[in-house]
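Below is one structure; the comments refer to it alone.
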Amino acid sequence: MKPEPDGSKSGGPILHSSSPDAAFREALIREMPGLRAFAVSLAGSFHQADDLLQETLLKAWSSSDSFTPGTNMRAWLFTILRNTYYSLYRRRGREVQDTDGVYSGRIATPPNQEGALDIADFQAALAKLPPEHRDVLLMVGASGFSYEEAAEICGVAVGTVKSRLNRARARLSEALGITEAADLGPGRAFQAVVKNQDV
Amino acid sequence: MIEDPREPNDRVRSSDEDLHDDDQGPGPEVSPIVVDAIAKALQSHFRAIAELPLPDRFLVLLAELEARERRNET
């Protein structure tokens, strides 16, 4: 599976030579909630995420010819969205954080189960990760992509994906103060994690 | 009015090589307990957003795109 990155000029046969069919449209709609969750998490802002999602839908629609039915549409869409994000909003050395409530209570999350990390603390720590670490974590940890798929979406080696994952987890555990607790045995460690978080 | 998606901002990154300088090597190992706690929190966070109602603008956008396709076909 090789997702075409985008509706760009270099992307092969594109645009309006035939209409996206109903199946394509239905698949787009089906993927939108997960795509939006990824966009919000990546951009840190509903406003920016929805602009990103709109741009992604436009590009996906106009380059529907470059999507091969039967291949992974989710990966194809994530690739477009991610490329758009980095093209529009991020340049080397410049962070864009235009938070509009993502990490301050706009999202209603269920009460923590016993042993779970505090979700508000977690979201704040997630927002501070470098985007290229955050997106790999989201792709593999929440969106169900394999290392190989994440590597293809990002255009990097599988080893780089694993490295970013490790670094992202290490930064989160450090930010959340759970590094030392994790060194304990499994049963006690889990309790220690909870205690450290003052849940 | 729908913007032509082909016009600006179509620069494509084929790789992330210029985004990071510190991803060499495997990175620090994290305990499976921490990995598991992070995974659960991540999924909870992600699910909370994915379950929000989609803004109407996206379905409106798709309807406009479909209408434009129909006009182009006739």
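In this text the structure is predicted, and so the values were computed from the model without any measurement. Throughout, a chain's letter reflects where its sequence line sits, starting with A, and its residues are numbered from 1.
Residues A:Leu165 and B:Val30 form no side-chain contact, since every pair of their non-hydrogen atoms from C-beta on lies 4.5 Å or further apart.
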With side chain to side chain contact (heavy atoms under 4.5 Å, CB included) as the criterion, how do A:Leu126 and B:Leu42 come out once you've worked through the C-alpha distance, each side chain's angles and the decisive distance to 0.1 Å? CA-CA 9 Å; A:Leu126 185 65; B:Leu42 200 57; 4.1 Å; yes

Evaluate the side chain to side chain contact (heavy atoms under 4.5 Å, CB included) criterion for residues A:Ile178 and B:Ile33: first the C-alpha distance (whole Å), next the side-chain angles of each, then the deciding distance (0.1 Å), finally the verdict. CA-CA 10 Å; A:Ile178 55 176; B:Ile33 298 291; over 6 Å; no

Go through the steps for B:Leu52 and A:Arg36 under the test side chain to side chain contact (heavy atoms under 4.5 Å, CB included), then give the verdict. CA-CA 10 Å; B:Leu52 291 172; A:Arg36 186 167 187 247; 4.1 Å; yes

Could you please spell out the steps behind the side chain to side chain contact (heavy atoms under 4.5 Å, CB included) verdict for A:Trp61 and B:Leu61? CA-CA 11 Å; A:Trp61 188 273; B:Leu61 174 67; over 6 Å; no

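Neither the backbone nor the side chain of B:Glu51 comes within less than 4.5 Å of any heavy atom of chain A. Interface remark: A:Leu53 contributes backbone and side-chain atoms alike to the contact with chain B (heavy atom separation under 4.5 Å). Interface residue A:Leu137: backbone and side-chain heavy atoms are both found under 4.5 Å from chain B. Residue B:Pro32: no heavy atom, backbone or side chain, is found under 4.5 Å from chain A.
Atom CD1 of A:Ile29 is separated from atom CG of B:Leu54 by 9.0 Å, given to the nearest 0.5 angstrom. Here the straight-line distance linking atom CE of A:Met32 with atom CG of B:Leu59 works out to 5.0 Å at 0.5 Å rounding. Atom OG in A:Ser41 sits 4.0 Å away from atom CD1 in B:Ile49 (nearest 0.5 Å). To the nearest 0.5 Å, the span separating CD on B:Glu69 from OG on A:Ser64 amounts to 7.0 Å.
Scanning all heavy atoms of the two residues, the minimum distance from A:Arg169 to B:Ile38 falls at O-CD1, 3.7 Å. In terms of heavy atoms, B:Phe46 sits closest to A:Phe38 at CE1-N, 3.6 Å. Between B:Ala50 and A:Pro33, the shortest heavy-atom contact is O-CB, 3.4 Å. Here the shortest heavy-atom pairing between B:Pro55 and A:Asp50 reads CG-OD2, 3.8 Å. Minimum interatomic distance between A:Asn166 and B:Pro28 (heavy atoms only, all atoms of both residues): CB-O, 3.2 Å. Across A:Leu57 and B:Phe58, no two heavy atoms sit closer than the pair CD1-CD2, 3.7 Å.
Checked for salt-bridge contact, A:Asp51 and B:Arg57 meet the test: a charged N lies under 4.0 Å from a carboxylate O.
Taking chain B as the reference chain and counting heavy-atom pairs below 4.5 Å, the highest number among A:Ala125, A:Gly141, A:Ala49 is found for A:Gly141.
The backbone N or O of B:His45 lies less than 3.5 Å from no partner atom in the side chain of A:Gln123, so there is not a single donor-acceptor pair.
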